[in-house]
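Down below is the structure, laid out as structure tokens.
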Amino acid sequence: MRALCIFSLTVALAAIAAGCSKSPDKVTKEAREAAASWGATLSAAAEWWGSAEVPTSYVETVVTQARTSLQKEEQTARTSAGAAAAAPVKAVASRAAAIAAAVKRGDRAAAIEAAHAARSKASR
Amino acid sequence: MKVALGIASSIGGFLDVGAIATAALAGAAFGFQMLWVLAVGTLCVMLLTEMAGRLACVSHHSLVDAIRERCGFRYFSFLLIGELFVDLLVLAAEIGGVAVALHLLTGIDYRWFVPIVAFALWLLIWLGTFSIVQNGASLLGLITLAFVVGMWWMGPPWHEAMKAMVPSTPSHDAAKYWFIAVGIIGALFEPFMLNFYASGAIEEKWSLKDIPMNRVTAVLGMGFGAVVAVSIVMLSALTLGPHGIQVDSYEQAALMMVQPFGSWGIPLFAACLGIACFGASLQVALNLSYLFAQGFGWNWSENLRPHEDARFALVYTCAIPVGALLVMVLGDPLQITTFSMALNALLAPVIVFPLLILMNDRYYVREYRNHTIGNIFVSVVVVIAFLIAIVAIPLEVLGG
């Protein structure tokens, strides 16, 4: 029983220690991956919204989720690895804002255009 | 009807928010490469489920009941604390999964649905019987076959899927790979499922003559869950992977159904997620009641009226609001899910090793004891999952 308690404590401490030691390279890589993934998500969602395959409420949800996640990623990247690391995230976030505006207007063509831009910004 | 218990256990314990999330994550990030983890885990969980059912058929003990009797109260209290903590997190993840499904359908913030889902869950357990819970989950859970249809529709490269059944190591993101592997194993070995299955067998008054049916039920039920989980991995690999979409939220995972089903895709994904999670949350909440009632020797049965087993009813009445509160406070149901699945892998040996002891004890299972190969296979897989979990949880924190 005592061994189990010590073991649980060790796992918890290892997790905490590991959480405190993210390198700037790791943060930069994660920021780039998050930007690419959300860029692709926004692109797919907006394109399918353009062809009426997903409902408007869903695209709005995806855009909100993307903006929240990207905002967090941008903040983490800026704090840990500087403005350059946060740049791809910021670029995709700005396209997310453009998609949100297009969805609000009901402008499917503009949404698709913004989606393509989001994907190309993310892949850069 | 007896096979329904297997499918209900499969819908809840196997095919729940954890399986859907980890399978979608695995497919999007690593393509078919992680199918072998599902294959090994499924074989193992089939063996474990069959053992839990056989124990109930022969000894008329549920798993928790027998563990408390055989291993003593100290061991049981450790199991109780561990399972209480993990089950509450899993319950939060399942309630969150239903709320997210409703959010996907309506666009309304998922937090608004959490109390409604929690109340519906409590009301169904309070008013329902075991057969309603079991048959309802089985019948509605058949909708998850939509993942299989979707995967089929995409025309997957079967030879690649077959190749992926052979264990392999990742070429990139090793920490993420092993964390997802642990999550998949954790989603399969949810400790609550084994006790729920054994308790269900006692609720249904299984006896020696049901042993062959128990075997069929374990294989068919878990096989059903495995086919659906494999389909999710493949569908995610075929639809999300090529676009470069990683699954960081359920909104992203939902996109996997759009390519095969068009405008039906999002509603179908939401229905599959919602029903699977609701079935699972019924089981987790009930299992918490079984855990306390069987451990402390209280009256227990979902078939009794709440006033006949008041303490049993009190446990789920308290657990459901706590689960709902956790999802409101912790937020992000997907993060809760992936973390709780890894904790499941850590907890698995605590319940699996006593099960192996019981299944080799003549006092409980008489001549229906385990074969050596089954014992060795299950022990090895569980120890490996446990060891990977020890490493993977810090690695996941490290890797974000």
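Residue numbering restarts at 1 for every chain, and letters A, B, ... go by the order of the sequence lines.
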Closest approach of B:Pro156 and B:Leu238, non-hydrogen atoms and distance?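 The pair with the smallest heavy-atom distance is CB-CD1, 3.7 Å.
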Heavy-atom pair count under 4.5 Å with chain A, highest-scoring of B:Gln252, B:Gln246, B:Gln259: B:Gln252
Interchain contact, A:Gln65 with chain B, by part (heavy-atom threshold 4.5 Å): side chain
Can you say whether A:Ala66 sits under 4.5 Å from chain B via the side chain, the backbone, both, or neither, judging by heavy atoms?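 For A:Ala66, there is no contact with chain B at all, as no heavy atom is under 4.5 Å.
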Between B:Tyr250 and B:Thr337, does any side-chain donor sit less than 3.5 Å from a side-chain acceptor? yes
Any chance the rings of B:Phe30 and B:His172 have centres within less than 6.0 Å?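 Centroid distance B:Phe30-B:His172: below 6.0 Å, so yes.
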Does some side-chain heavy atom of B:Val383 sit less than 4.5 Å from a side-chain heavy atom of B:Phe353? yes
Ring pair (Phe, Tyr, Trp, His ring centres under 6.0 Å) between B:Phe73 and B:Phe76: does it pass, once the steps are laid out? CA-CA 5 Å; B:Phe73 188 78; B:Phe76 166 73; 5.8 Å; yes
For B:Asp173, is it the side chain, the backbone, both or neither that has a heavy atom under 4.5 Å from a heavy atom of chain A? side chain
With a 4.5 angstrom heavy-atom cut-off, is it the side chain or the backbone of B:Leu255 that approaches chain A, or both, or neither? both
